[in-house]
Structures are given as structure tokens and as C-alpha cells.
Amino acid sequence: MRKRLLTWFSDNARDLPWRRDHSPYRVWISEIMCQQTQVATVLPYFERFLSTYPTIRNLADADENQLMRMWEGLGYYRRARSLHAAAKKMVEEHDGEFPESFDDVLALPGIGRYTAGAIQSISRNQAFPILEGNTQRVFSRWIGLTVPPTEKIAQARLWELSDKMLPRRKSDDRSNGPAGFNQAAMELGALICSPRSPKCGECPVATICHANQQGLQDDIPGKISKVQYESRTEIAVVISRDDRYLVRTIPEGVRFAGMIDFPRAGPPEADDVVGMESWLAGQLGGDVTLGMRLKTIKHAVTRYRMTLHVHLGEWNVNSDRVAEDGPMPDSWQWATVDELADMPMSVTGRKIVRLLDRPQRSLFSEL
DNA sequence: AACACGGGGGG
DNA sequence: CCCCCAGTGTT
């Protein structure tokens, strides 16, 4: 199994940027970006990220807004914040170097058992097993494991198998060592042993694959999906004043933490336009009146199927809490379109910015 | 063990 | 539309 897989990999491996230069720093960044994200999606982000932050210290010193801006569109934004925290930890505790031991790597934020094993094996050719979406599927099919791979017993068997398959013989040749094997197993899952319609006819190990022999390749791994898709309707509000728009910084601990967003809410805070007006007035002080609907944005993300109504709005400050020219409530600010361009936003937030940046803009200035 | 994570690609 | 993706951290 191992030899056939390695031979196949040496002939079919994709030319990925973290394979050309496999320093721990680069492999780390690539692994974090690849979490729950397809390789093809990662590529442009990886190159840009490495150009902006070529070293651990550059990343540790990064401006948080710029860092989040670099991550915009990749999703799972906590990954970017964990990267930053981990880089700072490396500067403080490891003299700015990437830690060498598995346990020290595992102790970094955002790094679990898979990622620690991937870094140690791919970067340093050390014998640590990995288990992720690809290898879970490849190994399950190979041994004919019919229990869903998410179950505890399946996880235990798969980790054990991943470890047992690892080349132990100390090899200077990365391609025949843990670096080669772990990447080969993942690559097989990505290119051949795909979730649906696996290309068993092109698979180097089909003849010794339990699932293939029994014709179970479409039934293994078993159904994992427990996700309940949820339709959500939310309202966002564009409030302008002298070519500036009202936005806020999302606080720690909630979704979009550290990013910038237009006033936005959905159930239970705001069920409709009237609910939005009162919710936003409660946030800002004064009165808020929503105007015409500029656009409705449909956006599917993770398990949510969102419909976002974007309205114009007016904010009349007439309470004692906030004077007309006084300080903004905490975390809120006025920003121009140019300023918004450099701020990190969700994909839907960025779509709203693009609405402002177009011909319709003249439409606003008359309102 | 179950859930959140708020992006995108592919069938 | 549904499922999956080089998973991790939290409850």
C-alpha cells in the first residue's frame, strides 16, 4: 500500500507553494488556511499572506485590521486571530522561532492534533500521524470501515491506522518518509478517492482496497451530515453623513469578532423594519428611521441560508446620551468608502460597500 | 458528544 | 439545493 501510494504521489503530486519551500512557518500558514477550506481556494490567499508577512515576527507585529483584511473571504475568521496570537507566543516563548517539539506546536492556539502532526511531518519529516477529511475517507474505504468516521471508535481506529502506516525507517529522502506519506494519503483523497464518484479506475491501491473489492466505495464513509440548514432574514442599514457611513467594530467573543460591519440584525433582535429601528435606536441612542430598500442580498454560508435586506436609514440624535457632534457610542464610527476599503468585513458587508461605490452613490447624495 | 464557525466550490 | 472542505475550541 505504502510503496504504491508513494510512487503514485511522486508522479501526480500537485505543485503547491508550501511543497517547494516547506519551512515550518509556511507549512503552518498553509495548514491553517486549509482547515475546512479547499486547496484551490487557499492558493491566492497563501501567496498574498506570505508576501505581506514573510516571517513569524512580521506576523506577530501585524496590524490586526490588516490581518483580518487579508483573511477576508476565507471564512472561519478565528483562524486568523489564532495565527496572530500564536505568532506573538512564538516571539515571547520561543525567541521568534517556530517551536520544534510536537507538544510545543500543539500548545499553540489554533493548532490541534491534525495540524501539529501535519507541520511536524510535512515540514520536518517527523513520524507523526494525521487524520483529516481526506485521510479519514481514504483509510475508511481502504479497510472497509462502515461505521461513520465521526464516531469515537472509528476515530480511534483511523488514528491508529494512520500511525501504523507511517514510514518509520529514518529516511533522509522526504519523499519516502512521513512527509511524503502523509501528503500522498491526502492527495489521493483530494484527487482520486473523492467523496462522490471516486476514480477507482485510476487509483494506485484499488486492488487492495476493501471498499473497492466489495463495491462499497459509494457507501463509505457513511453519512455524516447532521447539519440543519437554517433560513435567516436579516436587515442591514446604510446611514450616511457627509460621505461617511456608520459602521461598528464587532466585539470579542461573537461572530465576525474584530471586523467592521454596518448596523445589522435579525431575529430575535429585529424581526422586521420596525424591530430594526428600535433595536438600532437602542444601540445608538436617539431615533432611527429606515428608508428605502437598496438591495436584497442572498448569501449561503456554512449552514445558513441568509436573505439580507439592505435599507437606507437616518439617525436623529436627540437624546442627552449622544450630542450631535459628541463622541460616538463605543465601537461605532463614521467611515468613508476609501476607509472602508481597508477595513476587514464579512463578504456581505463588502457587498454593501460595493453598493456605495457605484453609480447609485449619486442617488444617496440627494437623499 | 454536540455545536459553532457567518466562505466557497462542486455535483 | 445539498454536501464537503489539509479542524479547532467550546459547552
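Computed from a predicted model, the values in this text were never measured in an experiment. Below, read A as the first sequence line, B as the second, and so on, with proteins coming before strands; counting in each chain starts at 1.
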Could you check which of [options] has an atom nearest any side-chain atom of [X]?
| X | options | answer |
| --- | --- | --- |
| Glu187(A) | dG7(B), dA6(C), dC4(C) | dA6(C) |
| Tyr229(A) | dG7(C), dG9(B), dC2(C) | dC2(C) |
| Arg78(A) | dG7(B), dT8(C), dC4(C) | dT8(C) |
| Thr41(A) | dC5(C), dG8(B), dA6(C) | dG8(B) |
| Val227(A) | dA6(C), dC5(B), dC3(C) | dC3(C) |
| Arg305(A) | dG7(C), dC4(C), dC2(C) | dC2(C) |
| Arg196(A) | dA6(C), dG10(B), dC5(C) | dG10(B) |
| Tyr114(A) | dG8(B), dG6(B), dG7(C) | dG7(C) |
| Arg14(A) | dA6(C), dG6(B), dC5(C) | dA6(C) |
| Arg255(A) | dG7(B), dC5(C), dC5(B) | dC5(B) |

Rounded distance in Å - [atom1] ([X]) to [atom2] ([N]):
| X | N | atom1 | atom2 | result |
| --- | --- | --- | --- | --- |
| Tyr77(A) | dG9(C) | OH | C1' | 19 Å |
| Ile111(A) | dT10(C) | CD1 | C1' | 18 Å |
| Asn134(A) | dG10(B) | CG | P | 15 Å |
| Gln35(A) | dC5(B) | CD | P | 16 Å |
| Arg81(A) | dT8(C) | CZ | P | 19 Å |
| Arg79(A) | dA6(C) | CZ | C1' | 11 Å |
| Tyr45(A) | dG7(B) | OH | P | 10 Å |
| Met306(A) | dG8(B) | CE | P | 11 Å |

Q. Which sits closer to the 5' end of DNA chain B, Glu72(A) or Ser197(A), going by the nucleotide each is nearest to?
A.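 Looking at DNA chain B, the more 5' nearest nucleotide goes with Glu72(A).
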Q) Relative to Phe262(A), does Arg264(A) satisfy both conditions: NZ or CZ under 6.0 angstrom from the six-membered ring centre, and within 45 degrees of the ring's axis? A)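 Judged by the rule (NZ or CZ under 6.0 Å from the ring centre, within 45° of its axis), Arg264(A) is not positioned above Phe262(A).
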Q) Quick one: is the NZ or CZ of Arg113(A) closer than 6.0 Å to the six-membered ring centre of Trp159(A), and within 45° of its axis? A)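 Ring-cation test returns yes.
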Quote, to the nearest angstrom, the [atom1] distance that separates [N] from [M].
| N | M | atom1 | value |
| --- | --- | --- | --- |
| dA4(B) | dA6(C) | P | 23 Å |
| dT11(C) | dG6(B) | P | 15 Å |
| dG8(B) | dG9(C) | C1' | 22 Å |

Q | Flag side-chain contact, heavy atom, 4.5 Å: Glu314(A) against Ile239(A) | A |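 A side-chain contact is absent here, since even the closest heavy-atom pair is not under 4.5 Å.
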Could you check whether the rings of [X] and [Y] sit parallel, tilted or perpendicular, using 30° and 60° as the cut-offs?
| X | Y | answer |
| --- | --- | --- |
| Phe128(A) | Phe102(A) | parallel |
| Tyr77(A) | Phe256(A) | tilted |
| His309(A) | His311(A) | perpendicular |

Q.
Whether the side chain of Arg113(A) and the base of dT8(C) hold a donor-acceptor pair under 3.5 Å is what I'd like checked.
A.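 It does not, because no donor-acceptor pair links the side chain of Arg113(A) to the base of dT8(C) below 3.5 Å.
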Q: Report yes if a donor N or O on one partner sits less than 3.5 Å from an acceptor N or O on the other, where the partners are the side chain of Tyr304(A) and the base of dG6(B); otherwise report no.
A: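 Not at all, since no donor on one side and acceptor on the other fall under 3.5 Å apart.
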Q) Should Gln36(A) be listed as having a side-chain N or O under 4.0 Å from OP1 or OP2 of dG7(C)? A)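 Yes, because at least one side-chain N or O of Gln36(A) sits under 4.0 Å from OP1 or OP2 of dG7(C).
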Q: Please determine if a side-chain N or O atom of His299(A) lies less than 4.0 Å away from the OP1 or OP2 oxygen of dG6(B).
A: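 For dG6(B), neither OP1 nor OP2 has a side-chain N or O of His299(A) closer than 4.0 Å.
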Q. In the structure shown, which nucleotide is the Watson-Crick or G-U wobble counterpart of dA1(B), with both distances under 3.5 Å?
A.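 Base partner found: dT11(C).
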Give one of base, sugar-phosphate or nothing for [X], where a contact means two heavy atoms less than 4.0 Å apart.
| X | value |
| --- | --- |
| Thr115(A) | sugar-phosphate |
| Glu132(A) | sugar-phosphate |
| Arg303(A) | sugar-phosphate |
| Trp71(A) | nothing |
| Leu131(A) | nothing |
| Glu234(A) | base |
| Ile32(A) | nothing |
| Met33(A) | nothing |

Q: Before giving the answer on side-chain contact (heavy atoms from CB on, under 4.5 Å), spell out for Thr37(A) and Leu74(A) the whole-Å C-alpha distance, their side-chain angles and the decisive distance to 0.1 Å.
A: CA-CA 8 Å; Thr37(A) 308; Leu74(A) 265 185; 3.9 Å; yes
Q.
Taking the six-membered ring for Trp, are Tyr245(A) and Trp334(A) closer than 6.0 Å centroid to centroid?
A.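 When the ring centroids of Tyr245(A) and Trp334(A) are compared, they turn out to be at least 6.0 Å apart.
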Q: Using heavy atoms to find the nearest nucleotide of DNA chain C for Gly110(A) and Ser231(A) separately, return the residue whose nucleotide is more 5′.
A: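 Of the two residues, Ser231(A) wins.
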(Q) Between Arg19(A) and Ser82(A), which residue's closest nucleotide on DNA chain C lies nearer the 5′ terminus? (A)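 Its nucleotide being nearer the 5' end, the pick is Arg19(A).
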